[in-house]
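Have a look at the structure below, then the notes.
Quick note on labels: first sequence line is chain A, next is B, and so on, each numbered from 1. The shown structure was predicted, so the numbers you read here are calculated from the model rather than taken from an experiment.
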There are 2 protein chains.
Amino acid sequence: MKKELPLCPVETTLTLIGDKWKVLILRDLINGTKRFGELKKSIGSISQKVLTQQLRSMEEDGLVERKVYAEVPPRVEYSLTETGSSLKPILDSMCIWGEKYKEQING
Amino acid sequence: MKKELPLCPVETTLTLIGDKWKVLILRDLINGTKRFGELKKSIGSISQKVLTQQLRSMEEDGLVERKVYAEVPPRVEYSLTETGSSLKPILDSMCIWGEKYKEQING
DNA sequence: CCGCATCCAAATGGATACTG
DNA sequence: CAGTATCCATTTGGATGCGG
């Protein structure tokens, strides 16, 4: 099921990262490789099913790399691709803006 | 119904603008004040109900200003607040990133 | 440990009809 | 023109149980 890209580039970006879970995953992986279980624990309220879905989707989009180790018990590690890492400045901007906004609200 | 802000600032920002429709509305309004009908026509595939919902939500969040003129037929104009305008750099970054991404894919 | 399959509840969005 | 109200189809996500 190939996603087709929207006409507007802003929308393209949003389609890829504009999701509550995806940004949280990105922020986690920016600090380095993590295992599935670590991600799940770190994000907290996400269900296993949804986390899997999001990771698969981001993998398809070329933002995340998935590495499976043939061990028992199994180990699966996720990391950002170069494309994924290139989103960092945007995430940082969003972070800064979000903080300012919060200040405005709370006075 | 007051929304409570998420813990992570990135998420805060995303809660406010991370929506297919909201970014499109923002991009439209960045170029100046628009009437309801203009927005609807410009965005195209959005339904009246959803456009109203999104605008109301953005108004509550302090991103958009709504101005009603006591005329017949009625005229309602929407514009960005200062807070809303301050999102422009982020939207621009997203736009640029989206274009690069598209090139990579179609490459 | 990681993830798939299934079932089910809730939220979302479109279509339509009606109003000041 | 710019909404509101209602109904309904689709999507989404949580919970649970099973499997490599």
I need the [atom1]-[atom2] distance between [X] and [N], as an integer number of Å.
X     : N      : atom1 : atom2 : value
A:L55 : C:dC1  : CG    : C1'   : 15 Å
A:R75 : C:dG3  : CZ    : P     : 13 Å
B:Q54 : D:dT4  : CD    : C1'   : 17 Å
B:L39 : D:dA2  : CG    : P     : 9 Å
B:L51 : C:dA15 : CG    : C1'   : 16 Å
B:Y69 : D:dC1  : OH    : P     : 17 Å
A:Q53 : C:dT6  : CD    : P     : 14 Å
A:D19 : D:dG13 : CG    : C1'   : 11 Å

Does A:Y78 reach a base, just sugar-phosphate, or nothing at all? Heavy atoms under 4.0 Å.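 Answer is sugar-phosphate: A:Y78 comes under 4.0 Å of backbone atoms only.
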Could you tell me whether B:E71 contacts a base, only the sugar-phosphate backbone, or nothing, with contacts defined as non-hydrogen atoms closer than 4.0 Å?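 Counting heavy atoms under 4.0 Å across all strands, no contact is made by B:E71.
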Nearest to the side chain of [X] - [options]?
X     : options               : answer
A:T52 : C:dC4, C:dG13, D:dT4  : C:dC4
B:W21 : D:dG13, C:dC2, C:dG14 : C:dG14
B:P74 : D:dC1, C:dC1, C:dC4   : D:dC1
A:K49 : C:dG13, D:dG13, C:dC1 : D:dG13
A:F36 : C:dC1, C:dG3, D:dC1   : C:dG3

Taking atom types as modelled, find out whether [X] and [Y] have a side-chain donor-acceptor pair closer than 3.5 angstrom.
X     : Y     : value
B:K67 : B:T33 : no
B:T15 : A:K20 : no
B:Y78 : B:E65 : no

Distance check: side-chain N/O of [X] vs OP1/OP2 of [N], anything under 4.0 Å?
X     : N     : result
B:R35 : D:dA2 : yes
B:R56 : D:dA2 : no
A:R66 : C:dC2 : no

Can you check side-chain hydrogen bond (donor to acceptor under 3.5 Å, both in side chains) on B:K22 and B:S57, steps first, answer last? CA-CA 9 Å; B:K22 286 187 182 173; B:S57 161; 3.0 Å; yes
Restricting to non-hydrogen atoms, name the atom on A:T83 and the atom on B:Q104 that form the minimum distance, rounded to 0.1 Å.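 Shortest heavy-atom contact: OG1-OE1, 3.2 Å.
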